[in-house]
Amino acid sequence: NAGVTQTPKFQVLKTGQSMTLQCAQDMNHNSMYWYRQDPGMGLRLIYYSASEGTTDKGEVPNGYNVSRLNKREFSLRLESAAPSQTSVYFCASTPGVSNQPQHFGDGTRLSIL
Amino acid sequence: AQKITQTQPGMFVQEKEAVTLDCTYDTSDPSYGLFWYKQPSSGEMIFLIYQGSYDQQNATEGRYSLNFQKARKSANLVISASQLGDSAMYFCAMREARGNQGGKLIFGQGTELSVKP
């Protein structure tokens, strides 16, 4: 079972370059999320999509854009990468029912030089 | 103010002993859910256990149980009979119901557990 698939797993960018992180889930989940994880700070929500066709800002949206391409796919774009965006990025999905956990992808480790 | 607080940055436990990881939360919403995730050194996030605010009994899943004290706003994870494979980062998270159609989670900062042989 694939679950939530993120690509790429690793990426190194130069400051100012653009990049799109891809996420796809095969569980027919309604809601999808993008988080970043920095040392000592847990996971912080960047953007989320409660259902196909909707997106909303999370706690730390600056410098990012998202697209909910269809029910399966939710991409995260860095238009002009900055060193402060060096982080591990996680995509997650959930059916939307309140007691169901979010299922996470394996993460993308992004370094910006 | 922090909505989820994990006060133990790191903990050690002897193999086969039980360990409690602390989590306190802050919400005025009467309807909420609490989740615990495990993140081993390989990096993936693994769901462990869930407790709903209206659940009458403490949640249990195998060696994991949740010590839910609603009045104290605490949801501590108890791992019984620790194993070497339990060494990992553990995150507590909360989902509030009010105004949260998107099902967003708020995470604590995590506790790093090391199991000693």
Side-chain angles (χ1 to χ4, degrees), chain A residues 1-6 9-10 23 27 29-61 66 68 74 87-110, chain B residues 2-10 21 23 25 27 29-55 59 61 64 66 68 88-112:
Chain A
N1 295 332
V4 179
T5 302
Q6 290 183 235
K9 295 191 185 308
F10 302 94
C23 176
M27 296 173 283
H29 285 173
N30 290 316
S31 303
M32 298 185 73
Y33 311 83
W34 276 105
Y35 294 91
R36 60 178 287 172
Q37 183 179 22
D38 301 297
M41 300 195 69
L43 278 74
R44 293 183 293 168
L45 183 65
I46 305 170
Y47 270 93
Y48 68 101
S49 171
S51 60
E52 186 180 356
T54 69
T55 60
D56 284 287
K57 294 178 180 179
E59 182 185 357
V60 288
V66 290
R68 183 75 182 265
F74 188 38
S87 189
V88 179
Y89 291 84
F90 285 97
C91 178
S93 71
T94 186
V97 178
S98 62
N99 63 349
Q100 294 297 309
Q102 292 185 8
H103 298 258
F104 285 80
D106 288 340
T108 295
R109 189 172 295 275
L110 184 62
Chain B
Q2 290 273 26
K3 287 217 165 191
I4 294 283
T5 302
Q6 294 181 253
T7 57
Q8 306 150 313
L21 307 184
C23 173
Y25 59 91
T27 182
D29 189 346
S31 178
Y32 54 89
L34 297 154
F35 300 80
W36 277 91
Y37 285 85
K38 172 184 179 180
Q39 186 179 42
S41 58
S42 49
E44 70 270 30
M45 294 287 288
I46 302 167
F47 165 69
L48 295 177
I49 196 167
Y50 167 82
Q51 180 83 44
S53 60
Y54 293 118
D55 292 345
E61 288 286 350
Y64 305 107
L66 209 152
F68 181 48
M89 185 73 83
Y90 289 81
F91 291 98
C92 178
M94 177 174 65
R95 176 190 288 154
E96 295 169 304
R98 187 164 54 204
N100 188 17
Q101 282 73 19
K104 296 175 290 182
L105 288 179
I106 304 165
F107 282 85
Q109 294 177 315
T111 294
E112 186 166 10

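Here is the naming used below: chain letters follow the sequence lines, and residue numbers restart at 1 for every chain.
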- Query: Is A/Arg44 atom CZ crowded by more than 12 heavy atoms from other residues, nucleotides or ligands, each under 6.0 Å away?
  - Reply: yes

- Message: Just so I know, are the side chains of A/Phe104 and B/Gln39 near enough to count as touching, which here means a heavy-atom distance under 4.5 Å?
- Response: no

- Side chain from CB out, backbone as N, CA, C, O: work out which of these in B/Tyr37 comes under 4.5 Å of a heavy atom of chain A, or both, or neither. side chain

- Contact origin within B/Gln51 toward chain A - heavy atom pairs under 4.5 Å: neither

- Query: Non-hydrogen atoms of chain B under 4.5 Å away: do they reach the side chain of A/Leu45, the backbone, both or neither?
  - Reply: side chain

- Message: Donor-acceptor check, side chain of A/Glu59 to backbone of B/Ile106, threshold 3.5 angstrom: yes or no?
- Response: no

- Evaluate side-chain contact (heavy atoms from CB on, under 4.5 Å) for B/Phe91 paired with A/Gln37, printing each intermediate quantity in order. CA-CA 12 Å; B/Phe91 291 98; A/Gln37 183 179 22; 3.3 Å; yes

- Message: Can you confirm whether B/Leu105 sits close enough to A/Tyr35 that some side-chain heavy atom of one is under 4.5 Å from a side-chain heavy atom of the other?
- Response: yes

- Item | Pairwise side-chain contact, A/Asp56 with B/Lys104, heavy-atom cut-off 4.5 Å (strictly under) | no

- Option in B/Glu44, B/Gln6, B/Met45 with maximal non-hydrogen atom pairs under 4.5 Å from chain A: B/Met45

- Donor-acceptor contact present, side-chain A/Tyr33 to main-chain B/Gly102, <3.5 Å: yes

- Please assess B/Arg95 against A/Thr94 for the test side-chain contact (heavy atoms from CB on, under 4.5 Å), listing each intermediate value before the final yes or no. CA-CA 12 Å; B/Arg95 176 190 288 154; A/Thr94 186; 3.9 Å; yes

- Message: Using a 4.5 angstrom heavy-atom cutoff, name the option from A/Asn30, A/Leu43, A/Asp106, A/Thr54 with the most pairs to chain B.
- Response: A/Leu43

